[in-house]
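Here the structure comes first, spelled out in structure tokens, and everything after it is commentary.
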Amino acid sequence: MKLYLLLEGKRGEAKIYPAWLASLDRPYSRIMRVDERTEAGSRSFYSFSANGYPSIVTHHLQNAIEDIKQHGGYDWLVVCLDSDEASVAQRIAEVERAASGLHTTPTRLFVSAQGRCIESWLLGNPKLIGAAPPTYVAELRDFYDIRVNCPEAMGHPRSWSNHAQFHFHYLREVFKAKKIVYSKSNPGDAATQTYFEALVGRLDRDPKCMPSLRRFVEFVRNI
């Protein structure tokens with residue numbers, strides 16, 4: 001199985017997704033060139049990081065399709081991007097429309113729309129907030145307790161202009177309380193097998209939690 005990953009994030013997601021794919025029971029290994037040949041039956045992926053939205057859809061998606069047409073051998077084109085202020089279904093439909101050129105190849109398309117953003121997924125780690133957090137984390141917890149409520153469904157205070165900015169702020173603050181760093185360029189502990197397993201464990205315990213993450217995990221588990 002050979003995957004072509006097209007990632008919206010330029011730095012952080014380029015570290016998170018490879019680490020997670022290597023954490024599966026049947027792990028994927030990374031190839032560094034789009035034209036690199038792999039052994040039959042191996043599980044591998046090539047990844048390319050776009051420069052955000054909308055360029056991932058308007059520009060880089062078409063380049064990825066041309067790569068696949070030129071070099072062949074890819075079973076899936078996997079496009080990973082934030083849903084932001086759109087719904088997950090709307091973002092998936094947008095990418096599917098823009099990827100119509102892939103239909104002339106045997107490669108199939110899977111769109112992983114992160115509801116709302118990858119930080120929303122990362123907030124699903126049940127161990128992020130302890131019993132006695134510092135005041136700045138307690139205030140966030142009191143606004144929306146990510147330990148018991150789905151992070152993908154979290155809104156934002158009126159002082160914040162959109163969901164993704166607030167979800168990023170929330171994650172960065174709870175990481176800071178644990179004396180670890182999270183940034184767009186340095187996802188830290190989020191890009192580890194331990195973190196991924198904590199998220200998967202929550203999905204296994206709560207069938208209704210983080211549906212867009214569940215959709216991605218079930219995809220990579222089952223192909």
Side-chain angles (χ1 to χ4, degrees), residues 1-21 24 28 30-31 34 43-124 150-154 162-165 167-168 184 187 190-191 196 199 203 210-223:
M1 187 63 62
K2 191 175 181 182
L3 313 179
Y4 188 121
L5 263 65
L6 179 60
L7 309 174
E8 177 183 349
K10 188 175 181 180
R11 295 176 294 273
E13 291 176 10
K15 297 176 181 178
I16 290 171
Y17 276 97
W20 289 5
L21 288 172
L24 297 168
Y28 283 85
R30 186 174 189 173
I31 58 175
V34 67
R43 293 166 65 83
S44 61
F45 71 94
Y46 169 79
S47 70
F48 182 86
S49 298
N51 292 313
Y53 177 87
S55 64
I56 185 174
V57 178
T58 60
H59 180 67
H60 296 288
L61 177 59
Q62 303 311 314
N63 289 344
I65 292 172
E66 290 305 312
D67 278 346
I68 289 169
K69 288 180 177 180
Q70 179 178 354
H71 301 291
Y74 286 94
D75 298 286
W76 289 91
L77 169 59
V78 182
V79 182
C80 304
L81 74 173
D82 297 340
S83 66
D84 291 320
E85 299 305 294
S87 70
V88 168
Q90 287 171 332
R91 192 66 85 219
I92 291 173
E94 178 186 4
V95 176
E96 289 177 342
R97 288 192 300 269
S100 59
L102 192 66
H103 296 162
T104 62
T105 77
T107 304
R108 290 174 285 180
L109 174 69
F110 180 83
V111 184
S112 177
Q114 300 150 178
R116 303 280 184 171
C117 57
I118 197 163
E119 285 81 20
S120 310
W121 285 4
L122 300 178
L123 285 168
C150 175
E152 290 186 22
M154 180 169 66
N162 62 58
H163 292 84
Q165 290 179 1
H167 291 202
F168 171 78
K184 292 290 186 182
F196 179 67
L199 295 176
L203 295 179
M210 296 186 291
S212 70
L213 175 58
R214 179 181 304 280
R215 183 172 174 271
F216 171 76
V217 171
E218 289 179 350
F219 169 73
V220 294
R221 276 177 166 177
N222 294 328
I223 58 173

Rounded at 0.5 Å granularity, tell me how far [atom1] in [X] sits from [atom2] in [Y].
X: Glu8; Y: Tyr53; atom1: CD; atom2: OH; answer: 9.0 Å
X: Phe45; Y: Asp75; atom1: CZ; atom2: CG; answer: 15.0 Å
X: Leu123; Y: Cys117; atom1: CG; atom2: SG; answer: 8.0 Å
X: Arg221; Y: Arg214; atom1: CZ; atom2: CZ; answer: 9.0 Å
X: His71; Y: Tyr46; atom1: NE2; atom2: OH; answer: 8.5 Å
X: Lys15; Y: Ser47; atom1: NZ; atom2: OG; answer: 12.5 Å

Keeping [X] on the side-chain end and [Y] on the backbone end, is there a donor-acceptor pair under 3.5 Å?
X: Glu85; Y: His163; answer: yes
X: Arg116; Y: Met154; answer: no
X: Gln90; Y: Ser87; answer: yes
X: Asp82; Y: Asp84; answer: no
X: Gln62; Y: Gly101; answer: no
X: Trp20; Y: Ala190; answer: yes
X: Glu13; Y: Ile118; answer: no
X: His59; Y: Asn51; answer: no

Take Arg215 and Val88 through the side-chain contact (heavy atoms from CB on, under 4.5 Å) test and state the conclusion after the steps.
CA-CA 11 Å; Arg215 183 172 174 271; Val88 168; 5.7 Å; no
Trace of the side-chain contact (heavy atoms from CB on, under 4.5 Å) decision for Leu203 with Leu199
CA-CA 6 Å; Leu203 295 179; Leu199 295 176; 5.7 Å; no
Hey, are the side chains of [X] and [Y] touching, using non-hydrogen atoms and a 4.5 Å cut-off?
X: Phe196; Y: Ile16; answer: no
X: Phe48; Y: Asn63; answer: no
X: Arg30; Y: Leu21; answer: no
X: Ser55; Y: His60; answer: yes
X: Val220; Y: Trp76; answer: no
X: Thr107; Y: Ile65; answer: no
X: Glu152; Y: Trp121; answer: yes
X: Met210; Y: Pro151; answer: yes

Closest heavy-atom pair and its distance - [X], [Y]:
X: Thr104; Y: Lys69; result: OG1-CE, 3.3 Å
X: Leu77; Y: Ala64; result: CD1-CB, 4.2 Å
X: Leu7; Y: Ala14; result: CD1-CA, 3.8 Å
X: Pro211; Y: Cys150; result: CD-SG, 4.2 Å
X: Ser83; Y: Gly115; result: OG-CA, 3.4 Å
X: Ile56; Y: Cys80; result: CD1-O, 3.8 Å

I want to know whether Phe216 and Tyr17 have ring centres closer than 6.0 Å.
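They qualify: ring centres under 6.0 Å apart.
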Does the plane of the ring in Tyr4 sit parallel, tilted or perpendicular to the ring in Tyr74? Use 30° and 60° as the thresholds.
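Geometry flag for Tyr74 against Tyr4: perpendicular rings.
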side-chain contact (heavy atoms from CB on, under 4.5 Å) evaluation trace for Ile223 with Leu3
CA-CA 10 Å; Ile223 58 173; Leu3 313 179; 3.8 Å; yes
